[in-house]
Enquirer: 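Have a look at the structure that comes next, please.
Numbering starts at 1 and runs along the sequence shown.
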Amino acid sequence: MHPNCKIMPLNKLRNIGIAAHIDAGKTTVTERILFFTGTTRKIGEVHDGQATMDFMKQEQERGITIASAAISCSWKGHQINLIDTPGHVDFTVEVERSLRVIDGMVAVFCAVGGVEPQSETVWNQADRYRVPRIAFINKMDRTGAEFSQVVAQMNKYLDANALPFQLPMGAEDNFEGIIDLLEQKAYIFKDAEQVETDIPQEYLEKSKAARDWMAEKIAEFNDEIMQLFFDEKEIPAELLKKAAREAALKMLITPVFCGAAYKNKGVHLLLDAVVDYLPSPIDVGAVVGLDIDDPQKSHSRHPSGKEPFSALAFKLIHDPFVGQQTFVRVFSGVLRSGMQILNSTKNKNERIGRIFRIHAKERVEINEAGPGDIVALIGLKLTKTGDTLCDMDHPLFLENIHIPPPVVELKITPSKRADQVKLGEALNKLMNEDPSFNVRFDDETEETVVSGMGELHLEIIIDRLKHEFKVEAEVGEPAVAFRETITGEKECSYKHSKQTGGKGQFAHTVMRIEPNDGKGYEFVDKVKGGNIPNEFIQSVNKGILKTLEKGILAGYPVVDVKVVLLDGSHHPVDSSDMAFQTCASICFKHGFMKANPILLEPMMKIEVNTPDDYIGEVSGNLNRRRGKIEAMRRYRKGAQKINGFVPLMEMFGYANQLRNLSSGRANYSMEFLKYTPIPQAIQEKILKELEDQKKLIKK
């Protein structure tokens, strides 16, 4: 179907994501899908920087996927909207936002590496968004490839109820074909062609046993198959396929397929599986949103062009040719260019400019988009990641996207003083694109501080500043993004009174500050008798919020604090919004410093894969880094997985040290878990270092 044609029937639409651990071959699988669906005329390779989906310069240089890219292709009368997602943990927010808008997922596993750390992270994210999935065990031609071991790991570590729908014929250098258990056929691969044949004699017994096992598992979810199974009658392939699809859509099973994407083996059959076992928007059903005025009430939107329009903006990309592109997933109704819609998150109207269907770098303009479509919009002024777009007469809020907090920060200054404004504009654009990237300005040191999900994340940002935005910047060493909070409770009162010629400033607040462990910031108004007029209550909240961002103890954002406004007073002439903001800020600072303030540090969940020979050195090294080992388990023959927790501030330079400790044979993965209090002695050391830095700057 040409993208300019009419809207595709909903049952023929598949919105899928491809996700996996880094290096499992996601982008190679995607490139083959694009080639075999006729979307690209030549196959792009990751290792030579020619992959269609990795079109950012930074992706090509590193051979990894950074930004999830949306692309449309066709297969056997179906339209597949494909989102390629990164495997590196620093770009986990890219996976989050993709999972929020896709209907089904292909989880790619390496036949040698099996279930790796990031595979588990992605799997858990998909569980959170209830995304049905199929598995593709890739790299069957690699030395050490073991199909059945990966299936066993999926069941053991992911609780996937993985069920092979195919068996490989041979492995490693002898991987020559695939047996389709459902249809009882074999496929032999010659170059990019697949040839259908009967199952070779030596595999007949094994494939019959595997099909019986598959039928037995599917029979658990289908009475008709169960009866045929008990009667020992032949189970028709069509009935098995129908029941398997229903079970996969309900996430009761994970159908498993195999191949070697780099050698073009198994990709045609994987595309068939996407059509056969992953959901269309109709299968997913209605999306539920909250009422704008009453969060207790909800509204359903069915995937139909007749329902009121609703969509979620899940990604922003700054394109040098057309400006800002806003990627949206349409859930209901029809979106037309020139249409007026409501951004219910911002409560502002937006006008739709042009609508594009995306083919990685290229784009095709279309006039309208319907339910299930994933398109890029040009011309939206206010919309950011996670915003709901809807019909102006039928507003609602759709569930937002979970954004983890940034944990690593860098100080950054432009090489030329004249570039200060240019740097600010570039950082703002990058912050709009990437919600896990933050920028703040430190007034005391007059430095710009950027924070993100990890060292690689920030390295890419600095690289993009240089090449995309032409801003040369001097960068400090990566440091940990701490947080501040309190452990005690304190009541405080402050009167702000200033007389300058003309109108003065007057505000008085009494508040109680208390810990609010794990619940973020909370503001409660308990002022009686109008001592502080209603219009100034929000001014008090605003003043505190501004102070939270800048920090008090050491300039880090304040979290997990509850403020109860108890009392205060005002002046009929001299009280103003600004006076109450200033008063609340000073009052809060005084109370905060008396409520036993502490620093919090990011605690990371770590997983190290190491050969048995180095287990002692690796665990000893983690203990020296204030790490806590939670479990060790057999990973594969001669190797183990170490799981535990470790403070991020102890982990800079760990990659090199692990390489040295294990002669380059161990690897690790780390992701943010939560913020925890820093030991007193380390806190004192950090505060002293910050104080010394400020003194140096003042000199």
Side-chain angles (χ1 to χ4, degrees), residues 290 292-296 347 397 405 440 442-444 482-500 502-601 674-678 680 683 687:
L290 298 177
I292 281 189
D293 302 315
D294 180 5
Q296 301 306 311
N347 199 17
F397 282 130
R440 64 184 172 87
D442 190 324
D443 293 323
E444 276 192 72
F482 297 110
R483 295 286 185 271
E484 302 179 7
T485 193
I486 50 170
T487 53
E489 195 176 293
K490 193 72 194 167
E491 202 170 293
C492 50
S493 167
Y494 181 73
K495 200 172 275 184
H496 176 67
S497 178
K498 250 187 182 176
Q499 281 312 122
T500 44
K503 190 180 170 191
Q505 281 187 34
F506 180 87
H508 172 214
T509 54
V510 180
M511 60 180 77
R512 185 174 71 248
I513 301 170
E514 51 192 73
N516 200 26
D517 197 26
K519 294 180 191 158
Y521 166 66
E522 207 178 321
F523 178 75
V524 181
D525 166 29
K526 287 203 171 165
V527 176
K528 301 254 183 343
N531 287 352
I532 299 176
N534 263 348
E535 68 263 30
F536 296 138
I537 298 288
Q538 272 318 305
S539 309
V540 171
N541 190 22
K542 237 189 279 178
I544 296 168
L545 278 168
K546 281 183 184 168
T547 315
L548 295 181
E549 283 170 30
K550 293 203 163 91
I552 301 159
L553 182 64
Y556 295 105
V558 174
V559 294
D560 297 345
V561 172
K562 184 175 179 180
V563 175
V564 184
L565 186 60
L566 301 168
D567 200 3
S569 57
H570 73 289
H571 186 280
V573 178
D574 290 350
S575 283
S576 64
D577 169 54
M578 206 59 237
F580 268 99
Q581 278 197 48
T582 308
C583 174
S585 173
I586 296 168
C587 184
F588 179 76
K589 280 178 185 171
H590 287 174
F592 185 89
M593 289 309 285
K594 288 174 186 166
N596 194 11
I598 58 164
L599 284 182
L600 300 173
E601 63 178 340
K674 60 180 180 181
Y675 272 94
T676 58
I678 293 183
Q680 187 65 34
Q683 175 169 316
L687 293 175

Enquirer: Which pair of heavy atoms, one from Met511 and one from Val540, lies closest together, and at what distance?
Expert: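 Taking Met511 first and Val540 second, the nearest heavy atoms are CE-CG1, 4.5 Å.
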Enquirer: Which heavy atom in Ser493 sits nearest to a heavy atom in Val510, and how many Å separate them?
Expert: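 Scanning both residues, the minimum pair turns out to be OG-CG2, 3.8 Å.
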Enquirer: Please name the pair of heavy atoms, one in Cys492 and one in Gly591, separated by the smallest distance, quoted to 0.1 Å.
Expert: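 Residues Cys492 and Gly591, closest heavy atoms: SG-CA, 3.7 Å.
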Enquirer: With rounding to the nearest 0.5 Å, note down the distance linking CD in Gln538 to CG in Asp525.
Expert: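 If we round to the nearest 0.5 Å, Gln538:CD and Asp525:CG are 9.0 Å apart.
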Enquirer: In Å, rounded to the nearest 0.5 Å, how long is the span from CD1 of Ile678 to CD of Gln680?
Expert: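 The CD1 atom of Ile678 sits 10.0 Å away from the CD atom of Gln680.
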Enquirer: Between Ile544 and Tyr521, is a side-chain contact (heavy atoms from CB on, under 4.5 Å) present by the stated rule, with each step listed?
Expert: CA-CA 10 Å; Ile544 296 168; Tyr521 166 66; 3.6 Å; yes
Enquirer: Hey, does the side chain of Thr582 reach the backbone of Met578 with a donor-acceptor pair shorter than 3.5 angstrom?
Expert: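 Side chain of Thr582 to backbone of Met578: a pair is present.
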Enquirer: If you apply the rule side-chain contact (heavy atoms from CB on, under 4.5 Å), what do you find for Thr547 with Val558, and how did you get there?
Expert: CA-CA 8 Å; Thr547 315; Val558 174; over 6 Å; no
Enquirer: Parallel, tilted or perpendicular: which one describes the rings of Tyr494 and His590, with boundaries at 30° and 60°?
Expert: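 Ring orientation, 0 to 90° scale: perpendicular.
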Enquirer: What pairs with Glu484 under salt bridge (Lys or Arg N to Asp or Glu O under 4.0 Å), at least two apart in sequence or on another chain?
Expert: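 With sequence neighbours excluded, Glu484 shows a salt bridge (Lys or Arg N to Asp or Glu O under 4.0 Å) to no residue whatsoever.
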Enquirer: For Ala507, does its backbone N or O pair with a side-chain atom of Ser575 as donor and acceptor, under 3.5 Å?
Expert: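 Flag not set: sc Ser575 to bb Ala507 has no pair under 3.5 Å.
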Enquirer: For Ala595 and Lys490, which heavy atoms make the closest approach, and how far apart are they?
Expert: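 Where Ala595 meets Lys490 most closely, the heavy atoms are CB-CB, 3.9 Å.
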Enquirer: Between atom CZ of Phe482 and atom CD of Gln683, what is the distance when rounded to the nearest 0.5 Å?
Expert: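 Separation between the atoms: 9.5 Å.
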Enquirer: What closest approach, in Å, do Leu687 and Ala554 show between heavy atoms, and which atom pair accounts for it?
Expert: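 Reported closest heavy-atom pair: CD2-CB, 3.6 Å.
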Enquirer: Using the side chain to side chain donor-acceptor pair (under 3.5 Å) rule, collect all pairs that involve residues 562-572, keeping only residues at least two apart or in two chains.
Expert: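 Listed once each, the pairs are His508-Ser569, Asn531-Asp567.
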Enquirer: Would you sort out whether Gln505 and His496 count as a side-chain contact (heavy atoms from CB on, under 4.5 Å), showing the intermediate values?
Expert: CA-CA 7 Å; Gln505 281 187 34; His496 176 67; 2.9 Å; yes
Enquirer: Could you tell me which non-hydrogen atom of Gly520 sits nearest to which non-hydrogen atom of Asp560, and how far apart they are?
Expert: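 For Gly520 versus Asp560, the nearest heavy atoms are N-OD1, 2.8 Å.
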Enquirer: CZ of Phe536 to CD of Gln581: how many Å apart, nearest 0.5 Å?
Expert: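 It is 11.0 Å, given to the nearest 0.5 Å.
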Enquirer: Distance-only, no hydrogens or angles: does the Ser539 side chain make a donor-acceptor pair with backbone N or O of Phe580 under 3.5 Å?
Expert: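 Judged by distance alone, no pair lies under 3.5 Å.
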Enquirer: Step through the shown structure and confirm whether more than 12 heavy atoms of other residues, nucleotides or ligands are within 6.0 Å of CG on Asn534.
Expert: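 Result for CG/Asn534: open.
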Enquirer: I need the Ile552 CD1 to Lys589 NZ distance, nearest 0.5 Å.
Expert: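 Those atoms lie 7.0 Å apart.
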Enquirer: Give me each pair satisfying side chain to side chain donor-acceptor pair (under 3.5 Å) with a member in residues 509-518, each pair once, sequence neighbours excluded.
Expert: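 Non-adjacent pairs meeting side chain to side chain donor-acceptor pair (under 3.5 Å): Arg512-Glu514, Asn516-Glu522.
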Enquirer: Would you compute the distance between atom OH of Tyr675 and atom CG of Leu599 and round it to the nearest 0.5 angstrom?
Expert: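 The distance works out to 11.0 Å.
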Enquirer: Phe523 and side chain to side chain contact (heavy atoms under 4.5 Å, CB included): which single residue from Val564, Leu545, Leu565 fits?
Expert: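 Testing each of Val564, Leu545, Leu565 against Phe523, the sole residue satisfying side chain to side chain contact (heavy atoms under 4.5 Å, CB included) is Leu565.
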